[in-house]
There are 2 protein chains.
Amino acid sequence: MDANAKITVLKRSNLFGGLPPETLEAGAEAAKERKLDKGDALFQQGDDATTHYIVASGRLRLDQATPDGKNVVLRFMGPGDLVGSVAVMRDIPYPATPIAADETRVLSWTQARMMDLMQAHPALAMKAINMMGGRIEELQERLQQVATQQVERRIAATVLKIVGQSGRKTEAGVEIPFPLSRQDLAEMTGTTLHTVSRTLSAWIEEGIIEGRRSSHIVIKRPHRLVEISEQA
Amino acid sequence: MDANAKITVLKRSNLFGGLPPETLEAGAEAAKERKLDKGDALFQQGDDATTHYIVASGRLRLDQATPDGKNVVLRFMGPGDLVGSVAVMRDIPYPATPIAADETRVLSWTQARMMDLMQAHPALAMKAINMMGGRIEELQERLQQVATQQVERRIAATVLKIVGQSGRKTEAGVEIPFPLSRQDLAEMTGTTLHTVSRTLSAWIEEGIIEGRRSSHIVIKRPHRLVEISEQA
DNA sequence: CAAAATGTTTGCGTTACCGCAAATCGTTCG
DNA sequence: CGAACGATTTGCGGTAACGCAAACATTTTG
């Protein structure tokens, strides 16, 4: 990946987006690159947090293992999203494991380099605060959903959020452009694989989503999903 | 409240804690004070976020109303805790309403004053990042709990967290020094008033908590609660 | 291309928890 | 102090969702 491609990625990111060209150039220059195959972990939950990452292409699933052996998917991350920074800045071990849901490229900065960048470009710190605020909002919304809504609503809301972040229009409807398993959805919504499967089967029956078993989910009637996600 | 008392409060806070005396003095000087009676709201969810607050004494309950009329308790806040800052810094409306669970005093800063302080004392920005990181961690933990654990475990974990933050030793055990209703606990754990009541009744039966109906919960056997919160 | 591994569907019995309702307790206030 | 209000308890029936299990489909691999 050349310097220009890196800068393009940085422009899309929460951390560098909207900052002046010289900041982008400094950021791109300090960045290393890494490629992950599907299924590879970027780092492990519990590792010492030493490095900031930004997704350049592909998709990461952020998994948190619970003490009693279960697993929760905290979120999916695509191009421009930051990974690891919260743990690095707080100086705590990474609290979750990011796994490539597809072939994925990331840019990385050591904490030392990032601190240099932040010192030289103070706007970065404000962007970091903004990014973390967004994360807090999102978590509060999900907590509220899991705490108060029924499973079908939560699944609908989760699918819609992913569509909003990553959906691509096709002839048949909107497609989620990376493999998203029923297990993934279950671990995002706090339910079981089985319940997700039953729910999606009903949606296929109703013509809301595509029945073809390709690994990519296609939503044919997004508006119906909105109704479900808002149903009392 | 005099300048010294304010400084003492700031020392306990996530934002000013550990910073040099001149920063504390500058912060205390710029702060206004406000008193809330039990039940008063500091501001309303949806209001324009203009002001940062730190709790000086007492206790606030942070309520988030859902679109469909339900309510979620995001957290309780005591002396030293920051309120409103995330919304102010992101320039979005306050996402929740803080209500005094008891008589409560807060210190406040307008956004302009706080920005001046941050400019003059850059360590404040790093502290803000740290504070927000802590919030993210806590939310992720609660999400994980609501998503994977049964109700009794969640209630136990929630009570223990509150005890850890605010518990006071008494002859009978550890006391939660502010009124905490079954409804509050239900809205913190994503269950109903009824289920919380049944659960606490069983705990009283087992001698884990005090049966006397005073408005303050007393935990007689904290260790048993830990067991419950960890039970497979 | 067969075989193995992985992911999905579906049936069925069970249960944790909800939701309603009514009784009881405790507190506030005229 | 008694009445009225709010909070809590408890019973009971219902159900959403789980958990197990077995069949089926799809993808990967040698």
Side-chain angles (χ1 to χ4, degrees), chain A residues 37-40 61 68-71 73 99 101-103 145-156 158-159 176 178-206 209-218 228 231-232, chain B residues 37-39 61 68-71 73 99 101-102 145-156 158-159 176 178-206 209-218 228 231-232:
Chain A
D37 289 325
K38 183 175 170 177
D40 286 355
R61 186 189 63 235
D68 46 309
K70 293 181 187 176
N71 195 53
V73 175
I99 294 186
D102 227 345
E103 189 175 304
Q145 287 174 1
V146 180
T148 66
Q149 300 177 358
Q150 316 218 125
V151 168
E152 188 179 14
R153 274 186 82 171
R154 305 204 301 260
I155 300 174
T158 301
V159 169
I176 293 175
F178 57 91
L180 178 69
S181 72
R182 320 279 140 140
Q183 182 76 41
D184 293 338
L185 278 171
E187 290 177 357
M188 292 188 82
T189 51
T191 181
T192 62
L193 162 63
H194 309 275
T195 298
V196 171
S197 179
R198 281 180 246 270
T199 303
L200 296 208
S201 293
W203 289 357
I204 290 170
E205 191 69 23
E206 235 199 289
I209 62 176
E210 191 101 325
R212 293 182 50 258
R213 283 69 170 275
S214 103
S215 60
H216 292 187
I217 294 176
V218 176
I228 292 173
Q231 109 213 147
Chain B
D37 289 325
K38 182 175 171 176
R61 185 189 65 234
D68 46 308
K70 293 180 184 174
N71 195 52
V73 175
I99 293 186
D102 228 344
Q145 286 175 1
V146 180
T148 65
Q149 299 177 0
Q150 314 218 128
V151 169
E152 187 178 14
R153 273 185 82 171
R154 304 203 303 259
I155 299 174
T158 301
V159 170
I176 293 175
F178 57 91
L180 178 68
S181 72
R182 320 278 139 143
Q183 182 76 42
D184 292 339
L185 278 172
E187 290 177 356
M188 291 190 83
T189 51
T191 181
T192 62
L193 162 63
H194 308 277
T195 298
V196 171
S197 177
R198 280 180 247 270
T199 303
L200 295 208
S201 293
W203 289 356
I204 290 169
E205 190 70 22
E206 235 198 289
I209 62 176
E210 192 100 326
R212 293 182 50 259
R213 285 70 170 280
S214 103
S215 58
H216 292 188
I217 295 175
V218 175
I228 292 172
Q231 107 212 148

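Each chain gets a letter, A, B and so on, in the order the sequences are listed, and its residues count up from 1. From a predicted model like this one, the values you see are computed outputs, not experimental measurements.
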For A:Arg154 and A:Val146, work out which heavy atoms get closest and say how close. CD-CA, 3.5 Å

Going 5' to 3' through nucleotides 12-20 of chain D and flagging B where a protein heavy-atom sits under 4.0 Å of the base, S where only the sugar-phosphate is that close, and - otherwise, we get B----SSBB

B:Glu210 CD - C:dG26 P separation (whole Å): 14 Å

Quick one, B:Gln231 and B:Arg153 - any side-chain contact, counting heavy atoms below 4.5 Å? yes

Can you see if the side chain of A:Ser197 gets near the phosphate of C:dT9 - specifically, an N or O under 4.0 Å from OP1 or OP2? yes

A:Thr148 to B:Lys70 - nearest heavy-atom pair and separation: O-NZ, 3.1 Å

Set of residues satisfying side-chain hydrogen bond (donor to acceptor under 3.5 Å, both in side chains) with respect to A:Glu206, sequence neighbours excluded: A:Arg224

Just to verify, what does A:Lys38 make a side-chain contact (heavy atoms from CB on, under 4.5 Å) with, not counting sequence neighbours? A:Pro179

Sequence neighbours excluded, the answer for side-chain contact (heavy atoms from CB on, under 4.5 Å) partners of A:Ser181 is A:Gln183, A:Asp184

Return the value, rounded to whole Å, for the distance between atom CD1 of B:Ile204 and atom P of C:dC25. 14 Å

To the nearest angstrom, how far is B:Gln183 atom CD from D:dG6 atom P? 14 Å

A:Arg61 side chain to A:Ala101 backbone, donor-acceptor under 3.5 Å: no

Per the end-axis method with five pairs at each terminus, what is the bend angle of the helix from C:dC1-D:dG30 to C:dG30-D:dC1, to 10°? 40°

Send over the distance from B:Gln231 CD to C:dA16 C1', rounded to a whole Å. 13 Å

When rounded to whole Å, the CH2 to P distance for the pair A:Trp203 and C:dT8 reads 15 Å

What's the spacing between A:Glu187 CD and A:Thr158 OG1 if we round to 0.5 Å? 12.5 Å

Here the distance between atom C1' of C:dT9 and atom CG of A:Leu193, to the nearest Å, is 9 Å

Review item, side-chain donor-acceptor pairs of residues 196-203 of chain A, under 3.5 Å, at least two apart:
residue	atom	partner	partner atom	Å
A:Thr199	OG1	A:Thr195	O	2.8
A:Ser201	OG	A:Ser197	O	2.9
A:Trp203	NE1	A:Glu152	OE2	2.8

Using atom CZ of B:Arg182 as one end and atom P of C:dC18 as the other, report the distance to the nearest whole Å. 16 Å

In this structure, how many angstroms lie between the C1' atom of D:dA7 and the CG atom of B:Leu180, rounded? 13 Å

